[in-house]
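Please read the structure below before turning to the comments.
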Amino acid sequence: MNDDDDVGFPESSSAAEAADSYLVGFVLANIVGLRYYSGAVSGRELVGLVREPLNPFDPNAIKVLNTRSIQVGHIERTVAAALAPLLDSRVVSAEGIVPKPPKSSNSFRLACQIHLFARLDAFEVVRAAVAEGGMQLFDVSDPEFGLSEAAVVKERGGKSARKVDEIFAFVGRDEGKITPAEPPKEVILSELFDHQREGLGWLVGRENSCELPPFWEEKDGGFVNVLTNYKTHERPNPLRGGIFADDMGLGKTLTLLSLIATSSRYPVRRYATEISGGSVEGKMRSCSATTSRSSKKVGNSRKRQKLDDDGGENEDVSGSKTTLIVCPPSVISSWITQLEEHTRPGSLKVYLYHGVRTRDEEELMKYDIVFTTYSTLSADFGYSYPPIQKIKWYRVILDEAHVIKNFAAQQTKAVIALKAERRWVVTGTPIQNSSFDLFPHMAFLRFEPFSIKNYWLSLVQRPLDQGSKSGLSRLQALLGAISLRRTKTAQNGKGNLVALPPKIVETYFVDLSAEERERYDVMESEAQNTVREYMNADTVLHNYSTVLHIILRLRQICNDVALCPSDITSLLPSNHLEDVSKNPELLKKLASLVEDGDDFDCPVCLSPPTKTVITCCAHIFCQNCILRTLKRHNSCCPICRHLLSKSDLFLAPEMQSSDDDECKSLLSNRPISSKVSTLLKLLLESKKQDPSTKSVVFSQFKKMLILLEQPLKDAGFCILRLDGSMSMKKRFEVINEFSRVGPDAPTVLLGSLRAAGAGINLTAASRVYLLEPWWNPGVEEQAMDRVHRIGQQKEVRVVRLIVSGSIEERILELQERKKRLATGAFGRKAAKEQKQMCVEDLRIMMRL
DNA sequence: ACCGCCGGGTGCC
DNA sequence: ACCGCCGGGTGCC
């Protein structure tokens with residue numbers, strides 16, 4: 001057994017915090033010594049990795065714990081030797097997952113994937129250390145991956161990730177109706193409102209619930225946690241408590257007093273009033289710091305004996321039903337006021353554990369309610385055996401629990417260490433601001449597996465930090481499963497504890513000037529002719545890159561002619577064979593296409609290529625994707641079935657950022673395009689309304705972002721740029737600077753989509769301008785979500801700029817079609833085709 | 001034989 | 001552990 005039994009979760013091995021750490025990859029290692037420990041692991045289960053520097057056999061030892069914090073074994077010595085320094089120096093945090101169940105019950109070792117997380121600037125160090133230790137670092141996009149043992153695991157992992165979200169979606173949905181409850185009239189004098197009776201019903205119901213906690217199911221006579229896949233034969237304890245998060249002003253305090261009253265011993269032991277003496281009023285006087293000792297009484301010895309052996313967690317130590325309420329000092333008085341107002345005098349005895357306070361546990365147990373503050377708790381914690389920590393309370397209520405923010409803080413630790421059968425987190429504040437670390441609350445509530453840091457991080461916090469949709473929905477689902485929130489406005493309905501302000505998306509149509517229009521029309525008809533030829537000859541696929549090129553140019557003109565050379569045909573490959581290997585010119589052009597475009601999705605993985613490869617048949621892929629595909633599919637190009645070998649693949653040159661100045665000089669002193677002037681107009685309007693409003697302008701064309709700089713500066717905007725060529729570190733610096741406030745603070749961020757990937761948080765802005773329509777609506781969605789995500793305080797307005805009567809309008813049309821398809825009957829089937837442009841799409845886009 | 005080879009003892013860190 | 005590894009016994013053909 002492990003030693004940290006009190007709190008019920010292990011100290012995490014993850015030193016690097018979630019905020020800016022990312023998955024470097026994973027290594028395979030054995031868990032050894034299973035023979036010597038009792039911890040069981042079933043397949044696909046997460047395990048805790050905990051350093052054990054004092055191990056007498058190996059200072060590098062890393063022990064492995066299962067979900068229940070029971071030791072399973074150790075990480076094999078060689079791997080531990082390589083990882084220990086990384087963990088100790090907090091360069092990495094590690095999470096283990098056991099992919100397959102042990103072959104037999106008396107196995108000696110067990111394979112484990114160790115996922116390593118680190119800050120981006122430490123990736124190289126980690127890679128080097130892993131290599132030094134003789135291990136292979138597996139990467140998600142490793143082409144070799146398809147064949148390794150790890151692949152099986154990873155594939156399953158992918159499936160399970162989807163499944164995890166389904167599980168989350170399911171939980172909390174089956175929450176039954178609440179049966180309203182009446183408080184005992186002997187104690188509560190006031191009449192409760194309907195919603196308060198319901199609230200009371202919910203509270204009482206949860207405290208007396210015998211149901212399995214959320215995410216647990218009964219299966220084959222045993223119990224399984226469907227999230228962690230942990231199986232056990234012991235029935236997990238019900239979660240007797242939760243989060244009570246009614247809006248302010250709905251009377252949470254009275255509802256909670258009613259809850260306390262239902263378990264108070266009044267009127268049964270009316271005689272006890274005399275023993276402990278003092279009504280509420282009496283207590284009120286004795287509560288002040290200077291006189292709180294006055295309530296000291298000699299306890300009876302029978303109780304003391306019981307208290308002394310309170311190590312037994314299951315024992316209800318004294319039979320007492322004392323509720324401990326922890327709250328900020330200012331809130332105590334409002335509790336007292338409500339006590340006076342709503343309860344029968346003398347029916348609930350209270351003690352203020354605050355200032356000069358008793359050290360006598362037995363004394364404390366005489367009261368119905370003991371109030372204390374977070375800072376008192378924190379001050380006491382660390383003293384040996386402070387009574388408040390030693391007592392096993394009947395119930396603990398954390399009021400205004402949102403004041404707990406930092407898991408590492410002493411006061412948080414003190415709160416989590418409190419012992420009680422019934423635990424409540426009470427808050428009236430929806431989680432909207434950026435400090436929304438709910439882990440302390442999960443730990444306090446003993447809500448497994450979220451009360452275990454690694455699980456919290458990987459299941460909720462990390463997805464949330466990286467701005468993924470599933471992060472938010474998981475958080476909402478799990479909170480929904482254990483909390484009650486009603487808002488003043490939305491009566492009856494369960495308000496969401498995690499609410500985002502609204503997002504308004506509008507499309508602003510831009511009219512081209514007469515000159516621009518003429519230019520565009522000429523180009524478009526040229527383009528139509530070319531594409532029509534390919535279509536008639538059925539050679540669209542063989543001229544794929546040319547077609548992409550044409551479309552790209554048309555889209556560029558919609559933004560600004562400066563993005564595109566005047567003669568569209570000059571950019572088309574002269575050679576109809578499109579063989580890059582025999583045509584270095586074409587390679588160059590394609591490379592520029594990739595660089596300009598910034599939005600080419602690899603047709604295999606449907607996301608922007610990491611290492612861009614151009615085939616001799618002029619199609620574009622991620623290096624890893626095309627390598628993997630060639631291995632599987634008889635060496636054919638997935639687009640045109642051209643035979644390919646490795647020598648037919650060309651790495652696109654890395655993007656250069658040095659041409660910025662060149663671009664700038666090229667682009668300066670030109671008349672402003674219609675789209676740019678429209679953007680300026682909109683930005684100025686919003687500045688007029690509120691000068692502090694911050695905006696993000698997204699374009700997929702790097703040149704467009706450069707081109708915008710000067711006009712924006714001239715119009716008096718302080719701007720920043722975020723592009724794909726920046727290192728992650730630099731990106732975070734830019735975002736940090738962008739969120740600065742003050743008279744000289746930047747208000748406009750020019751961003752490329754590629755730079756706004758996972759982990760990028762742009763909530764400082766409340767306006768988003770999308771300069772062009774994106775191929776795939778999901779990508780636009782993602783861009784908006786960098787701004788519209790947890791931490792956003794304001795309503796978000798998104799404006800898409802679309803040139804009317806242009807290819808942009810048709811792209812919009814295509815997007816709509818695809819959305820319809822995706823949500824329609826063919827939903828799942830259409831998903832793959834959705835992102836790849838087909839001939840039919842091309843027809844629509846080119847008006848052919 | 002300062003070797004190779006055999007087979008028994010043994011087994012996390 | 002139906003392994004690897006260690007260290008003792010052993011030794012031409």
Side-chain angles (χ1 to χ4, degrees), chain A residues 1-16 24-118 125-126 128-138 147-153 228-232 452-455:
Chain A
M1 276 296 281
N2 65 316
D3 347 309
D4 40 33
D5 43 348
D6 267 5
V7 180
F9 63 91
E11 267 307 312
S12 168
S13 65
S14 49
V24 189
F26 68 86
V27 294
L28 291 174
N30 285 309
I31 303 169
V32 292
L34 303 193
R35 163 139 304 184
Y36 304 92
Y37 307 96
S38 57
V41 194
S42 41
R44 295 213 270 127
E45 187 172 332
L46 291 166
V47 287
L49 302 174
V50 180
R51 276 282 289 124
E52 196 180 26
L54 298 179
N55 186 302
F57 300 93
D58 182 1
N60 291 322
I62 298 170
K63 60 180 175 178
V64 180
L65 310 179
N66 71 7
T67 327
R68 286 307 187 74
S69 299
I70 301 167
Q71 185 160 1
V72 177
H74 281 100
I75 293 298
E76 57 185 321
R77 198 186 188 96
T78 48
V79 175
L83 296 184
L86 295 175
L87 290 166
D88 293 343
S89 59
R90 309 192 148 227
V91 167
V92 301
S93 61
E95 284 169 18
I97 181 163
V98 171
K100 288 180 290 190
K103 282 196 196 95
S104 66
S105 57
N106 53 352
S107 289
F108 298 91
R109 44 181 48 206
L110 196 53
C112 176
Q113 290 179 25
I114 302 177
H115 292 251
L116 301 175
F117 296 87
V125 179
V126 177
V130 166
E132 181 72 20
M135 289 175 284
Q136 195 182 346
L137 186 68
F138 291 91
L147 302 170
S148 70
E149 185 199 352
V152 183
V153 167
T228 60
N229 223 17
Y230 180 80
K231 296 182 184 80
T232 175
I452 295 163
K453 198 161 191 184
N454 276 345
Y455 289 79

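Here is the naming used below: chain letters follow the sequence lines, and residue numbers restart at 1 for every chain.
- Across B/dA1 and B/dC5, the matching C1' atoms stand 12 Å from one another, rounded to whole Å.
- Nucleotide B/dT10 holds its C1' atom 11 Å from the CZ atom of A/Phe108, rounded to whole Å.
- On a pure distance criterion of 3.5 Å, no polar donor-acceptor pair joins the side chain of A/Tyr36 and the base of B/dC13.
- Atoms CZ (A/Arg109) and C1' (B/dG11) sit 10 Å apart, rounded to a whole Å.
- Judged as a side chain to side chain contact (heavy atoms under 4.5 Å, CB included), and not counting sequence neighbours, the contacts of A/Ala82 are A/Met135.
- Between the P atom of C/dC2 and the NZ atom of A/Lys103 lies a distance of 13 Å, rounded to the nearest Å.
- Between the A/Asn229 side chain and the A/Gly43 main chain, a donor and an acceptor come within less than 3.5 Å of each other.
- Going from atom CD of A/Glu76 over to atom P of B/dC13 covers 8 Å, rounded to whole Å.
- Rounded to whole angstrom, the span from the CG atom of A/Asn55 across to the C1' atom of B/dC13 amounts to 4 Å.
- Side-chain contact check for A/Leu116 versus A/Val130: some heavy-atom pair is nearer than 4.5 Å.
- Looking at A/His74 and A/Asp58, their side chains never come closer than 4.5 Å, going by heavy atoms from C-beta outward.
- Among the protein residues, A/Glu52 comes within range of no part of the nucleic acid, since none of its heavy atoms lies under 4.0 Å from any strand.
- A/Leu34 comes within 4.0 angstrom of nothing in the nucleic acid, heavy atoms only.
- Contact annotation: side chain of A/Asp58 to base of B/dC13, donor-acceptor pair absent below 3.5 Å.
- Rounded to an integer number of Å, the gap from CZ of A/Arg77 to P of B/dC12 is 11 Å.
- Counting to the nearest Å, the C1' atom of C/dC3 and the CG atom of A/Asn106 are 14 Å from each other.
- In this entry B/dG11 has C/dC3 as its Watson-Crick or G-U wobble partner, both defining distances falling under 3.5 Å.
- Across the protein-nucleic acid pair, A/Arg35 atom CZ and B/dC13 atom C1' stand 16 Å apart, rounded to whole Å.
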Please list every donor-acceptor pair under 3.5 Å in which a side-chain atom of residues 25-37 of chain A meets a protein atom from a residue at least two apart or in another chain.
none

